[in-house]
Amino acid sequence: MIKRIVLCVGILCFFLFVSRQLVAQSVVHGVIKDANEKPVEFTNILLLNFSDSSLVKGMITDAAGKYSFENIRSGRYLLSATYTGMSQEFSPIFNVASGKKEIDMGVIHLRH
């Protein structure tokens, strides 16, 4: 009886793990630069849900001005970039679709 329970739990865990791996999730990445094309480190980057501007994830850029959001589900999003002393900038609206693993947002420029 205990062997059957352990076997059933093992099979259930296996299928949960496999099904989770099948759900398409993407990586959204890019770089933040100033008007002189210099990377802006420590920029606040927010990944926002397009429909209601709710926060999905947030992070700061690295020393090269790069950011990367992982495990993003399908949907419509936009990015907000802010840095003290510079104007807030938004990315164009973009779609994350199942099957698209990587989305390169290119460069977002911040202005003084």
Side-chain angles (χ1 to χ4, degrees):
M1 180 69 169
I2 293 177
K3 287 183 180 182
R4 279 190 185 183
I5 292 173
V6 170
L7 180 62
C8 288
V9 169
I11 291 172
L12 179 64
C13 289
F14 172 77
F15 283 113
L16 286 173
F17 175 78
V18 169
S19 67
R20 227 183 131 106
Q21 297 300 317
L22 294 176
V23 173
Q25 294 183 341
S26 299
V27 174
V28 176
H29 63 89
V31 65
I32 306 299
K33 293 184 178 183
D34 65 14
N36 296 320
E37 294 296 322
K38 293 182 182 175
V40 183
E41 65 179 324
F42 306 122
T43 299
N44 291 306
I45 290 285
L46 303 178
L47 177 65
L48 304 173
N49 211 334
F50 170 69
S51 63
D52 60 4
S53 297
S54 62
L55 177 65
V56 177
K57 290 187 176 188
M59 67 180 321
I60 59 171
T61 57
D62 64 13
K66 294 181 181 180
Y67 62 89
S68 181
F69 293 104
E70 298 180 1
N71 300 320
I72 306 304
R73 295 180 185 263
S74 297
R76 294 181 75 190
Y77 300 95
L78 72 150
L79 298 170
S80 166
T82 57
Y83 187 81
T84 304
M86 300 178 118
S87 63
Q88 181 178 16
E89 297 294 331
F90 292 94
S91 73
I93 299 160
F94 61 96
N95 288 315
V96 173
S98 60
K100 190 167 187 180
K101 296 291 183 193
E102 186 175 327
I103 298 169
D104 184 354
M105 294 302 295
V107 178
I108 296 175
H109 289 94
L110 295 180
R111 296 172 188 70
H112 288 280

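Owing to the predicted nature of the structure, the values given are computational and were not obtained by experimental measurement. These numbers come from the heavy atoms of this one structure, side chains and all, not from hydrogens, waters or symmetry mates.
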Value rounded to 0.5 Å, distance of [atom1] in [X] from [atom2] in [Y]:
| X | Y | atom1 | atom2 | result |
| --- | --- | --- | --- | --- |
| H112 | S87 | NE2 | OG | 9.5 Å |
| E41 | K66 | CD | NZ | 13.5 Å |
| Y83 | N44 | OH | CG | 10.0 Å |
| M86 | R111 | CE | CZ | 10.0 Å |
| L110 | I108 | CG | CD1 | 8.0 Å |

Closest contact, heavy atoms only, [X] versus [Y]:
| X | Y | value |
| --- | --- | --- |
| A81 | T43 | CB-CG2, 4.1 Å |
| A64 | V31 | O-CG2, 3.4 Å |
| H109 | E89 | O-CG, 3.2 Å |
| M105 | P92 | CE-O, 4.2 Å |
| F69 | L46 | CZ-C, 4.3 Å |

* Apply side chain to side chain contact (heavy atoms under 4.5 Å, CB included) to D104 and H29, showing your working. => CA-CA 5 Å; D104 184 354; H29 63 89; 3.6 Å; yes
* Are any non-hydrogen side-chain atoms of E70 and S68 less than 4.5 angstrom apart? ->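 Heavy-atom side-chain distance check passes, below 4.5 Å.
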* Asked: Can you name the one residue among L48, V28, I72 that meets side chain to side chain contact (heavy atoms under 4.5 Å, CB included) with Y77?
  ->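 By the side chain to side chain contact (heavy atoms under 4.5 Å, CB included) criterion, Y77 pairs with just one of L48, V28, I72: I72.
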* Asked: Heavy-atom count around K57 NZ within 6.0 Å, excluding the residue itself: above 12?
  ->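 Yes, the 6.0 Å shell around NZ holds more than 12 heavy atoms from other groups.
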Under 3.5 Å donor-acceptor, [X] side chain and [Y] backbone:
| X | Y | answer |
| --- | --- | --- |
| D34 | N36 | yes |
| S74 | S98 | yes |
| S54 | N49 | no |
| T61 | F42 | yes |
| N95 | A97 | no |

For residues [X] and [Y]: do they belong to one hydrophobic cluster (side chain heavy atoms under 4.5 Å, members Ile, Leu, Val, Met, Phe, Trp, Tyr)?
| X | Y | result |
| --- | --- | --- |
| L55 | I93 | yes |
| I45 | F94 | yes |
| M59 | I32 | yes |
| F50 | V56 | no |
| Y67 | L78 | no |

